[in-house]
Every structure is written in structure tokens, then in C-alpha cells.
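Predicted model, so just to flag it, every value in this text is computed and none were measured.
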Amino acid sequence: MERSARNQQPGTQATEDVMNLDDLVFHPWAVQGPREVPTLVGGSGSHVVDVNGRRYLDFSSQLVFTNLGHQHPRIVAAIKEQADRLCTLAPGHASDVRGEAARLIIEVAPENLGHVLFTTGGTEAIEHAVRMARLHTGRPKVLAAYRSYHGSTTTSIHLTGDPRRWASDTGAAGAVHFFGPFLYRSAFGSRTPEEECERALAHLEQVILLEGPSTIAGLVLESVVGSSGVIAPPPGYLRGVRELCDRHGIVYIADEVMVGFCRTGAWFGVDHAGVAPDLMAFAKGVNSGYVPLGGVLVSDAIYETFTKRPYPAGMTYSGHPLACAAAVGAINAMHEEGTAAAAGRLGKDVLGPGLRELAGRHPSVGDVRGIGGLWSLELVRDRQTKQPLVPAGGTAAEIAPIIAVARACVDKGLLPLVQGNRVNVAPPLNVTDADAAAGVAILDEALSVADAYLS
């Protein structure tokens with residue numbers, strides 16, 4: 001294939017040249033080969049721009065990480081200032097910007113999480129949180145929910161509960177799955193949130209007892225289930241999990257990779273329940289994804305374990321200065337702009353009402369659920385049976401309906417976030433009301449495509 005764009009500067013290529021270059025990239029979660037996707041070269045706020053100058057409203061925050069949108073001036077300035085001073089530094093050295101990022105993160109975190117291990121992303125954060133839990137307790141097993149996603153490295157993909165783990169799951173990583181609460185598709189026959197909470201906790205306790213509490217190091221749980229369904233726990237559930245972990249000496253690991261840093265209308269998802277985990281994984285929104293950064297917030301008790309012996313792991317780019325500078329800029333901007341409150345209002349006053357109104361017009365919408373700036377439309381073939389519009393892990397032909405919905409969105413200038421039989425809605429948290437309403441209006445048109453597949 002002709003590679004005429006090889007010596008051109010990024011952002012200057014013609015569309016065909018850019019796609020030729022894209023063919024050199026091995027893409028994750030995809031069948032390899034030519035693709036039909038927008039080639040994005042710029043952006044601002046809640047919009048991105050393709051190589052032809054067309055603007056798209058980003059209703060995905062990419063993979064739910066641009067919490068402050070694209071090209072936020074405070075974050076860009078922080079990265080530029082740090083680049084002028086010191087671009088990179090090995091993790092063994094002390095760093096002013098690394099320490100300041102840790103201070104700002106600890107300041108907004110739940111109590112007793114007094115130290116930060118920096119990683120380069122969420123999956124690494126889960127890997128290290130699990131390693132800490134196992135070393136701290138001397139136990140091998142880790143519990144995780146079936147409807148969950150924790151990353152794609154070895155431990156985190158085994159802990160993942162949704163179909164993305166199937167191709168990699170060897171059943172030999174010490175991962176034990178349980179059913180979390182999900183009233184719309186209750187595994188317990190519940191009719192109310194209260195019943196679902198009570199029965200889900202009773203089920204979890206039975207799993208703990210049958211697996212053997214003395215064999216379980218930790219329990220990892222998304223504080224709000226993200227890409228596996230956008231499922232907020234019923235009131236009382238996270239507090240019940242905290243109590244079960246305390247009773248059996250299990251380390252409670254909160255996965256806040258997707259929902260941390262204001263996405264749910266609070267700094268962290270656990271804040272809605274008023275509970276503090278023993279370890280908390282974060283990434284994505286900590287700096288709006290401008291430079292890869294993740295980490296683990298470590299409780300005082302677990303920190304003490306590693307004052308007596310070294311922690312046996314590390315990363316070359318742990319606490320990278322440019323990433324930490326972006327975090328400092330982002331967190332300060334979130335304070336100044338009241339991002340947590342803005343996300344709460346976005347969900348309550350704009351997205352929630354708008355998406356529920358869509359459900360009333362489209363029989364393909366079986367359920368609407370969400371919190372703050374993270375929502376989901378669950379698409380079904382029949383509202384009574386709740387049969388999903390497309391099956392989990394389906395073939396290309398079987399998932400054609402949801403792909404058609406996604407293409408309809410893109411054709412109308414909206415970048416959606418599609419997972420399974422769901423269209424998730426996660427715009428930047430500083431999206432304007434007008435842009436949010438415009439996105440909902442495009443979804444209204446695209447859902448007619450889903451309706452056409454109903455029998």
C-alpha cells in the first residue's frame with residue numbers, strides 16, 4: 001500500500017493518507033483491518049473535529065475520561081509549564097509535582113487513604129491494589145462481581161465479570177465472581193431496591209462463607225458499575241459490603257477508575273454511601289486523560305505493612321511529571337468550577353429527564369438509568385421479556401442492530417459510547433445544557449433505527 005503521508009506532520013494529512021497510516025496501528029478490542037471511523041485531529045470543550053473539519057459532539061468523553069472536556073486551558077497550561085521545567089523523572093526521585101498531585105488527590109478522597117501509588121492507568125491500578133491486598137493478608141482469592149470491568153491485564157481481566165474476559169479467562173487467577181445488585185435484571189427476584197440490596201448482600205455473604213473467609217484477600221467492586229451496565233448500587237449496599245469485609249478481614253478495593261473525580265456528582269462514587277474502602281483505584285478523570293495516569297489510594301493500615309518490608313513492584317513511569325502536572329491542573333479546575341455539583345445537576349435536570357422522555361417514545365428502550373454524568377439506555381427487543389437487542393458476545397451479524405444505531409449517531413455528528421446492548425451517555429461534565437439537549441435529540445433520531453429491528 002502507498003504510504004505517501006509517512007513524512008508529513010500530524011494534523012496536515014489528507015483523509016486518505018491518515019487512514020493509510022492508521023492501517024499501521026494494531027487496534028485493541030477490534031478485528032484488524034481497514035476501518036470506517038472518523039479521523040479526529042482537534043477538539044475543544046465538548047466537541048472534536050475530524051480531518052475534514054467536521055465537528056462531533058462527544059457524548060462518550062472518549063472512554064469516559066475527558067471529565068473536563070477537550071483542550072481545557074488550565075490542564076494544557078499545566079502540562080506546558082511542566083514540560084518547560086522537567087519532562088520526565090524516574091519514580092525513585094522526589095518530585096514537587098508528583099507530591100502535589102498526591103496531596104490534592106488525598107485531600108478529596110475518603111478518610112484514612114493517606115498515600116498514593118501512581119500507575120499509568122486503571123488496569124495497572126487494579127493489578128497493584130490486588131497485589132497489595134494479597135501481600136497484606138497472605139490470602140490468595142479476590143471476589144468480583146459478574147457485571148464488571150476492571151481492565152485487560154492478567155489479574156484485572158480475570159476479575160472482570162462481563163463477556164470481555166471470556167477469551168482470556170483461564171479460571172486460574174484466584175478470581176471468584178458473585179452477583180451484584182441490579183434490579184432491572186435481578187438475579188434474586190427482587191421487586192424493590194430494598195429487597196435487591198438485602199438479597200444481594202445475603203448472596204455475597206454466602207459466597208464468602210462457602211469460599212472460606214480465610215482464603216479471601218480482597219473484594220474489588222466498581223462503586224457504580226460503568227461500561228458493564230451503568231448500575232448504581234441501591235442505598236445501603238456499599239455500606240453492607242464494607243461491613244462484610246470488616247467482619248471477615250477482607251480488603252475492600254473500590255474501583256473508581258471510571259466514576260472517580262466528579263463523574264457521579266461527587267468526588268468519588270463511594271461518597272454517596274459515606275464509606276471508605278481500604279484501597280481505591282483511580283485513573284481517567286483524575287486529569288481528564290490528557291496524559292496517562294492512574295493510581296491506588298492506600299489506607300494507613302496497608303501502608304504500615306510496607307513500612308516493615310519493601311513493596312515488591314514498580315513502574316518506570318510511575319508518577320510521570322507531565323501526567324501529575326495535568327492532574328494538578330485538572331483537580332484545581334474541578335474545585336474552581338464546582339465540577340461535582342455541575343455533574344449532579346447535569347444528571348438530575350438535563351440528562352435524566354431527557355433520556356427518560358426518549359424511553360417513552362421508543363419501544364426499543366427497556367430501561368434508563370444513571371447518576372450524575374453517566375447514563376445508559378438499555379435496548380431490548382421486547383420490554384416484557386427484556387430480551388436484549390443484541391446478545392452478549394455476539395457475532396458481527398448478531399450485533400448489527402447496535403452497530404447501526406452507533407453509525408446513525410456518528411452520521412448525525414454525535415460520538416456515542418456503545419457497549420453490548422446499551423448506549424451509554426457520558427459527555428464532559430462541563431457540557432452546556434444546549435449541547436446536552438442537542439445530543440439527546442440526535443439519540444432520539446438514532447433510536448428509530450433500533451425500533452426498526454423489533455419483531
Side-chain angles (χ1 to χ4, degrees), residues 8-15 17-19 21-22 37-84 258 261-263 283-293 322-343 345-347 350-351 354 372-375 406 409-418 424-443 446:
Q8 290 180 279
Q9 293 297 312
T12 67
Q13 297 97 322
T15 303
D17 291 335
V18 174
M19 293 310 293
L21 290 174
D22 186 66
V37 295
T39 300
L40 304 176
V41 296
S44 178
S46 297
H47 290 82
V48 289
V49 181
D50 73 11
V51 71
N52 297 313
R54 186 184 183 191
R55 296 173 78 238
Y56 297 83
L57 177 59
D58 188 355
F59 244 37
S60 65
S61 292
Q62 297 305 291
L63 290 175
V64 195
F65 57 72
T66 54
N67 287 13
L68 292 179
H70 298 273
Q71 301 304 111
H72 191 287
R74 183 71 179 266
I75 308 175
V76 172
I79 295 169
K80 288 180 175 179
E81 180 183 348
Q82 183 61 39
D84 285 338
M258 182 173 286
F261 295 96
C262 304
R263 177 56 61 179
K284 293 183 182 281
V286 64
N287 63 6
S288 278
Y290 283 31
V291 183
L293 183 67
L322 296 182
C324 287
V328 171
I331 295 169
N332 282 329
M334 289 174 184
H335 281 297
E336 293 171 6
E337 298 173 14
T339 302
R345 190 195 67 81
L346 175 66
V350 183
L351 293 180
L374 182 62
W375 289 76
C409 290
V410 173
D411 287 346
K412 298 177 187 302
L414 184 77
L415 294 187
L417 181 61
V418 171
N424 296 335
V425 176
L429 302 179
N430 51 7
V431 66
T432 66
D433 287 2
D435 281 341
V440 171
I442 293 173
L443 284 175

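- Residues Ala342 and Leu429 approach most closely at CB-O, 4.2 Å, considering heavy atoms.
- Heavy atoms only, all atoms of each residue included: Val410 and Pro416 are closest at CG2-CD, 3.9 Å.
- Of all heavy-atom pairs spanning Cys262 and Ala343, the tightest one is O-CB, 3.1 Å.
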Query - Val328 vs Gln82, side chain to side chain contact (heavy atoms under 4.5 Å, CB included): CA-CA, chis, key distance, verdict - result: CA-CA 11 Å; Val328 171; Gln82 183 61 39; over 6 Å; no
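- No more than 12 heavy-atom neighbours from other residues, nucleotides or ligands sit within 6.0 angstrom of CZ on Arg55.
- At a threshold of 4.5 Å between non-hydrogen side-chain atoms, the residues Arg263 and Ser61 count as touching.
- The CD1 atom of Ile442 lies 11.0 Å from the OH atom of Tyr56; values are rounded to the nearest 0.5 Å.
- Looking at heavy atoms from C-beta onward, Asp435 lies in side-chain contact with His47 at the 4.5 angstrom threshold.
- Looking at heavy atoms from C-beta onward, Asn424 lies out of side-chain contact with Ser60 at the 4.5 angstrom threshold.
- A heavy-atom distance below 4.5 Å is found between the side chains of Asn67 and Ser288.
- In terms of heavy-atom proximity, Ala436 sits nearest to Val431 at N-CG2, 3.9 Å.
- Heavy atoms only, all atoms of each residue included: Gly329 and Ala78 are closest at CA-CB, 4.2 Å.
- Between Asp58 and His70, the closest heavy-atom pair is OD2-NE2, 2.9 Å.
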Query - side chain to side chain contact (heavy atoms under 4.5 Å, CB included) evaluation trace for Asp433 with Arg345 - result: CA-CA 10 Å; Asp433 287 2; Arg345 190 195 67 81; 2.7 Å; yes
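- Between Gln62 and Leu415, the closest side-chain pair of non-hydrogen atoms falls below 4.5 Å.
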Query raised in the report: side chain to side chain contact (heavy atoms under 4.5 Å, CB included) between Asn287 and Leu68: does it pass, once the steps are laid out?
Result: CA-CA 8 Å; Asn287 63 6; Leu68 292 179; over 6 Å; no
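- Side-chain atoms of Asn52 do not come within 3.5 Å of backbone N or O of Arg54 as any donor-acceptor pair.
- Taking the charged nitrogens against the carboxylate oxygens, Arg74 and Glu336 do have a contact shorter than 4.0 Å, which makes a salt bridge.
- Between Val425 and Leu443 the shortest side-chain heavy-atom distance falls below 4.5 Å.
- No donor-acceptor pair closer than 3.5 Å links the side chain of Tyr290 to the backbone N or O of Thr66.
- Within the 4.5 Å cutoff, the side chain of Ile331 has heavy atoms near those of the Phe261 side chain.
- Side-chain contact between Val418 and Cys409 is absent, with no heavy atoms from C-beta onward closer than 4.5 Å.
- Here Leu293 contributes atom CG and Leu322 contributes atom CG; the two are 11.0 Å apart, rounded to the nearest 0.5 Å.
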